[in-house]
Amino acid sequence: MAFSNKKSTILFIFAAALSSLLSLILNVEATSRGLQGAAAAQRSEEVDPALKRLCFSAEFPHECASAVAPFMESGGTINAQSVLQAGLKLLAQRSLKAIEQAEKLKKESKSKEMTDHLNFCEDKYRTIGNSTEQAAEALPAREFNKLESQLGSMVTAINECEAVFASGKSPIRDVNLMLKMAVKNNLNIGNFVAMPIIINT
């Protein structure tokens, strides 16, 4: 009987300890999520209001402000040209990440057809990277037709990549979406480059 009571006591202590451990883990996770949320909110608040106002004209305004902000020159004038310069840097980064993702998916691919599709998309991403460089050169030279042409060709490249996959079957759809949002925002902001809008900070 004493052995049974001792065993019950041990089980009770073990259960209590396990419950405390689980509670601690949940509290740590909740705190972590809270800190992450606070950090994200802080980053949103830190976006310059002038940049937010200019990005309001973009097709994806929140994406424009939050994604472009890290590429803006600190203390620089905020106008259409400076935002577009930053947007092109963002686009260059995303095209490189798209290539990396295509390479990763090719290594995981189990079919030649999928690998061929990914190779096709990777070529398109490289084209986007080259077009981004051309657009960046056209901007300071104020070659607006060339700028618009290069950005427009990127939309075509993204659509061609997406089209090779069956409907809803693209493993790289999210990458294409992020690229397309950046390109379209750049096209929208580019509309103002010929008539620079300087917003005092």
Side-chain angles (χ1 to χ4, degrees), residues 43-103 118-165 170 172-201:
R43 285 194 299 272
S44 178
E45 291 174 359
E46 288 174 353
V47 173
D48 195 301
L51 175 58
K52 286 183 179 180
R53 288 195 294 272
L54 189 51
C55 279
F56 185 74
S57 63
E59 187 169 342
F60 306 96
H62 178 71
E63 157 73 11
C64 169
S66 61
V68 166
F71 296 92
M72 296 290 295
E73 290 187 12
S74 179
T77 301
I78 296 180
N79 56 28
Q81 181 157 331
S82 65
V83 174
L84 184 52
Q85 284 174 332
L88 290 171
K89 291 176 183 177
L90 168 66
L91 190 52
Q93 183 193 73
R94 287 190 177 176
S95 65
L96 289 175
K97 288 186 175 181
I99 292 170
E100 291 176 1
Q101 183 64 13
E103 289 284 348
L118 291 168
N119 277 328
F120 178 80
C121 287
E122 187 175 340
D123 286 342
K124 295 300 176 182
Y125 299 148
R126 294 187 190 282
T127 298
I128 290 172
N130 292 334
S131 295
T132 302
E133 292 179 7
Q134 294 293 319
E137 292 173 3
L139 180 56
R142 301 182 69 79
E143 297 176 355
F144 303 124
N145 289 336
K146 180 179 178 181
L147 178 65
E148 184 177 6
S149 174
Q150 294 298 328
L151 289 169
S153 70
M154 298 180 202
V155 176
T156 301
I158 296 167
N159 289 338
E160 287 175 345
C161 165
E162 199 66 21
V164 299
F165 299 100
S170 171
I172 210 161
R173 180 174 53 188
D174 290 345
V175 169
N176 288 335
L177 177 60
M178 296 301 288
L179 279 171
K180 187 174 285 188
M181 284 196 295
V183 172
K184 288 193 171 184
N185 281 345
N186 283 338
L187 276 167
N188 298 146
I189 298 299
N191 290 332
F192 295 105
V193 175
M195 299 177 293
I197 299 175
I198 301 176
I199 303 177
N200 294 326
T201 58

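Side-chain atoms are counted along with the backbone in the values below, which use heavy atoms only and exclude waters and symmetry mates.
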inquiry  = Any non-hydrogen side-chain atom of I99 less than 4.5 Å from a side-chain atom of R126?
reply    = yes
message = For a 4.5 angstrom cut-off between non-hydrogen side-chain atoms, does Q85 reach L88?
response = no
task = To the nearest 0.5 Å, tell me how far K124 NZ sits from N159 CG.
result = 10.5 Å
inquiry  = Between S149 (side chain only) and N145 (backbone N and O only), is there a donor and an acceptor less than 3.5 Å apart?
reply    = no
request  = Given side chain to side chain contact (heavy atoms under 4.5 Å, CB included), test L118 with F165 step by step and report yes or no.
outcome  = CA-CA 9 Å; L118 291 168; F165 299 100; 4.2 Å; yes
ask   = Do the side chains of T132 and I128 get nearer than 4.5 Å, heavy atoms only?
value = yes
request  = List the atom of V68, the atom of V83, and the distance in Å for their closest heavy-atom pair.
outcome  = CG1-O, 4.0 Å
Short side-chain donor-acceptor distance under 3.5 Å, S82 and N79 = yes
task = Indicate the atoms forming the closest heavy-atom contact of C121 with V164, along with that distance.
result = SG-CG2, 4.4 Å
inquiry  = If I compare all heavy atoms of I189 with all of S57, which pair ends up nearest, and what's the gap?
reply    = CD1-OG, 3.9 Å
key: Straight-line distance of L91 CG to L96 CG, nearest 0.5 Å   = 10.0 Å
Distance in Å, N130 CG paired with Q150 CD, rounded so as to fall on 0.5 Å steps = 9.0 Å
ask   = What do you reckon, is CD of E148 surrounded by more than 12 foreign heavy atoms closer than 6.0 Å?
value = no
query = Rounded to the nearest 0.5 Å, how far does OG of S95 lie from CE of M178?
reply = 13.0 Å
remark   = Note: S131 and S153 closest approach over all heavy atoms is OG-OG, 3.6 Å
ask   = Can you find a heavy atom in the side chain of Y125 that is under 4.5 Å from one in the side chain of Q101?
value = no
note = The reported gap from CD1 in I158 to CE in M181 (rounded to nearest 0.5 angstrom) is 10.5 Å
query = Where the side chain of N185 meets the backbone of A58, is there a donor-acceptor pair that is under 3.5 Å apart?
reply = no
ask   = Are the side chains of L177 and R173 in touch, meaning some heavy atoms are under 4.5 Å apart?
value = no
inquiry  = Testing the basics here: between P70 and S66, what is the closest heavy-atom pair and its distance to 0.1 Å?
reply    = CD-O, 3.4 Å
message = Could you go through Q81 and R142, starting from their C-alpha distance and side-chain angles, then the distance that decides it, and tell me whether this counts as side chain to side chain contact (heavy atoms under 4.5 Å, CB included)?
response = CA-CA 10 Å; Q81 181 157 331; R142 301 182 69 79; 3.9 Å; yes
inquiry  = To the closest 0.5 Å, what do you measure between CZ (F60) and CG (N188)?
reply    = 8.5 Å
task = Identify the two heavy atoms, one from A138 and one from L147, that lie closest to each other, and give their separation to 0.1 Å.
result = CB-N, 4.0 Å
query = Does the side chain of M154 reach to within under 4.5 Å of the side chain of N186, using non-hydrogen atoms?
reply = no
